[in-house]
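First comes the structure, then the notes that go with it.
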Amino acid sequence: MHNSVTVPSKLPHVGTTIFTVIGQLAAKHQAINLSQGAPNFPCSADLVRYAHEAMQAGHNQYAPMSGLPLLREAIAAKVETLYGQRYDVDDEVTVMASASEALFSSIAALVHPGDEVIVFEPAFDSYIPMIELQGATPVVIKLAAPEFTIPWDEVAARITPRTRMILLNTPHNPTGTVLSDTDIARLEALTEGSNIIILSDEVYEHVVFDGALHHSMSRHPKLAARSVVVTSFGKTFHVTGWRVGYCLAPRVLMDEIRKVHQFAMFAADTPMQYALARLMAEPAHYLGLSDFYQHKRDLLSRALADSPLKLIPSQGSFFMLASFGHLTDESDSDFVQRLIVEHGVATIPVSAFYRDGTDQQVIRLSFAKDDVTLLAGAERLCRIGG
Ligand code: GLN
């Protein structure tokens, strides 16, 4: 079409997300896709039936802005049982049109132009653009391979009077690390007496391995009192396409978040909320999720034991990392491209999670795939030659 306007970009450094780029390349080369953190297996048939029944029962108009009371009650009850914190169902729990919307609405509501937001890289690719769109400054702290632990002394040194927020993600995408007791103690000490808000992306809350504890901010009263906890039904119930998540926050924060949510989305999908509320009554679906994904992590790790890749252990999430610097001088992007084109396996280059493209020659593999796909992908990776 003929172009008659010009527009200054609000995100001049941003291109198409890596997940779309790799997804398209994988499709073109019919590669086995271990890239996106989305299941290739079905969700519960009951869940689909519940959504269908909700539609047939006529639940097809707007849900309440803050979410169906039935679903908010189920969320509050789950959080109290698992993490011990009681959130007020009316004022402190909001159903969102995806965890992404929850993050976006929270940042838009709470972060002002000129504020600083501490964010750790590698970071999920939406975080920094969301901060920049508010005219705020991302204060980026790098986590280094292979441990990717938070350098708390550096965090302490980079807190200023303008620090409005610390953005955390546990279990972590892409590294598969989880916060420990020590991390929580450092975070409590650093934020005590400050006005810093913690925005905690916990979409993989039910995917923590080897019996480790998920350190939700809602488990720690001092942190909960200054935190927005964001999570996702998509990751928990294998329905990433439904775009339903939620957030929890003390009322003083939630009042502001809802002001944005009501104008950005107004409400999340109604029939999906009815269906999710019914599935929440069956806790086995989320209580069994760690074992379900640990099996997949172990299956993929074992199948890759004979590959030349060096695996970095995963403590949670849908992901594991693998380093390849001992094999070649290629950049991680070139290596990923070659794996797709020559070997028919798609993964994600970890440099995509660094704003400056830091390349540690590490790739991310998603094991949120059926076992046949995991084994077939591993078999190809074993043949890449050392
Ligand atoms: N969270 C998923 C991942 O990291 C999907 C991201 C996306 O496709 N936008 O793979």
Side-chain angles (χ1 to χ4, degrees), residues 11 14-27 31-41 43 96-107 119-131 133 143 148 167-178 199-208 229-247 265 289 293 296-297 300 312 314-322 332-333 336 339-340 345-355 362-370 373-374 377:
L11 295 171
V14 168
T16 306
T17 89
I18 189 71
F19 308 107
T20 303
V21 171
I22 297 290
Q24 286 172 348
L25 199 62
I32 292 171
N33 198 340
L34 305 184
S35 67
Q36 201 181 29
N40 71 337
F41 44 84
C43 68
M96 295 275 180
S98 79
S100 291
E101 195 250 323
L103 293 168
F104 193 94
S105 292
S106 299
I107 293 172
V119 54
F120 301 98
E121 281 191 331
F124 187 61
D125 66 347
S126 68
Y127 295 166
I128 290 176
M130 285 181 186
I131 295 163
L133 280 173
L143 313 179
F148 296 104
L167 209 169
L168 291 173
N169 174 212
T170 185
H172 188 260
N173 178 8
T175 67
T177 57
V178 300
L199 177 57
S200 186
D201 176 352
E202 302 181 12
V203 299
Y204 302 103
E205 65 176 322
H206 298 301
V207 188
V208 177
V229 175
V230 169
T231 189
S232 149
F233 289 110
K235 304 290 187 193
T236 299
F237 295 129
H238 317 314
V239 285
T240 59
W242 281 22
R243 315 307 291 142
V244 190
Y246 62 88
C247 68
M265 294 305 300
L289 206 63
Y293 276 111
K296 292 189 176 297
R297 177 199 66 171
L300 183 61
I312 299 174
S314 166
Q315 303 165 324
S317 81
F318 290 176
F319 310 111
M320 68 169 73
L321 300 180
D332 63 359
S333 301
V336 162
L339 289 184
I340 295 172
V345 190
T347 61
I348 300 280
V350 170
S351 62
F353 299 86
Y354 288 90
R355 188 172 51 168
V362 175
I363 58 174
R364 187 193 81 170
L365 295 89
S366 166
F367 45 83
K369 306 295 165 191
D370 60 51
T373 302
L374 293 174

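The structure displayed is predicted, hence computed values, not measured ones. For ligands, and for the atoms within them, numbers begin at 1 and follow the listed sequence.
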Taking the six-membered ring where the residue is Trp, are the ring centres of Tyr293 and Tyr204 under 6.0 Å apart? no
Give every pair formed by an N or O atom of ligand 1 and a protein N or O atom closer than 3.5 Å, one pair per line with both atom names and the distance to 0.1 Å, or write none.
| unit_1 | atom_1 | unit_2 | atom_2 | d |
| --- | --- | --- | --- | --- |
| ligand 1 | 1 (N) | Lys235 | NZ | 3.0 |
| ligand 1 | 4 (O) | Asn173 | ND2 | 2.8 |
| ligand 1 | 4 (O) | Arg364 | NH1 | 2.9 |
| ligand 1 | 8 (O) | Gln36 | NE2 | 2.5 |
| ligand 1 | 10 (O) | Gly37 | N | 2.6 |
| ligand 1 | 10 (O) | Arg364 | NH2 | 2.8 |

Run Asn173 and Ser317 through side-chain hydrogen bond (donor to acceptor under 3.5 Å, both in side chains) and show every step you take. CA-CA 7 Å; Asn173 178 8; Ser317 81; over 6 Å; no
For Thr175, give me all partners under side-chain hydrogen bond (donor to acceptor under 3.5 Å, both in side chains), at least two apart in sequence or on another chain. His172, Thr177
In this structure, is the centre-to-centre distance between the rings of Phe104 and Tyr127 below 6.0 Å? no
Looking at the rings of Phe353 and Phe124, which for Trp means the six-membered one, are their centres under 6.0 Å apart? no
When every non-hydrogen atom of Ile340 is compared with those of Ala346, the smallest separation belongs to CG1-CA, 3.7 Å
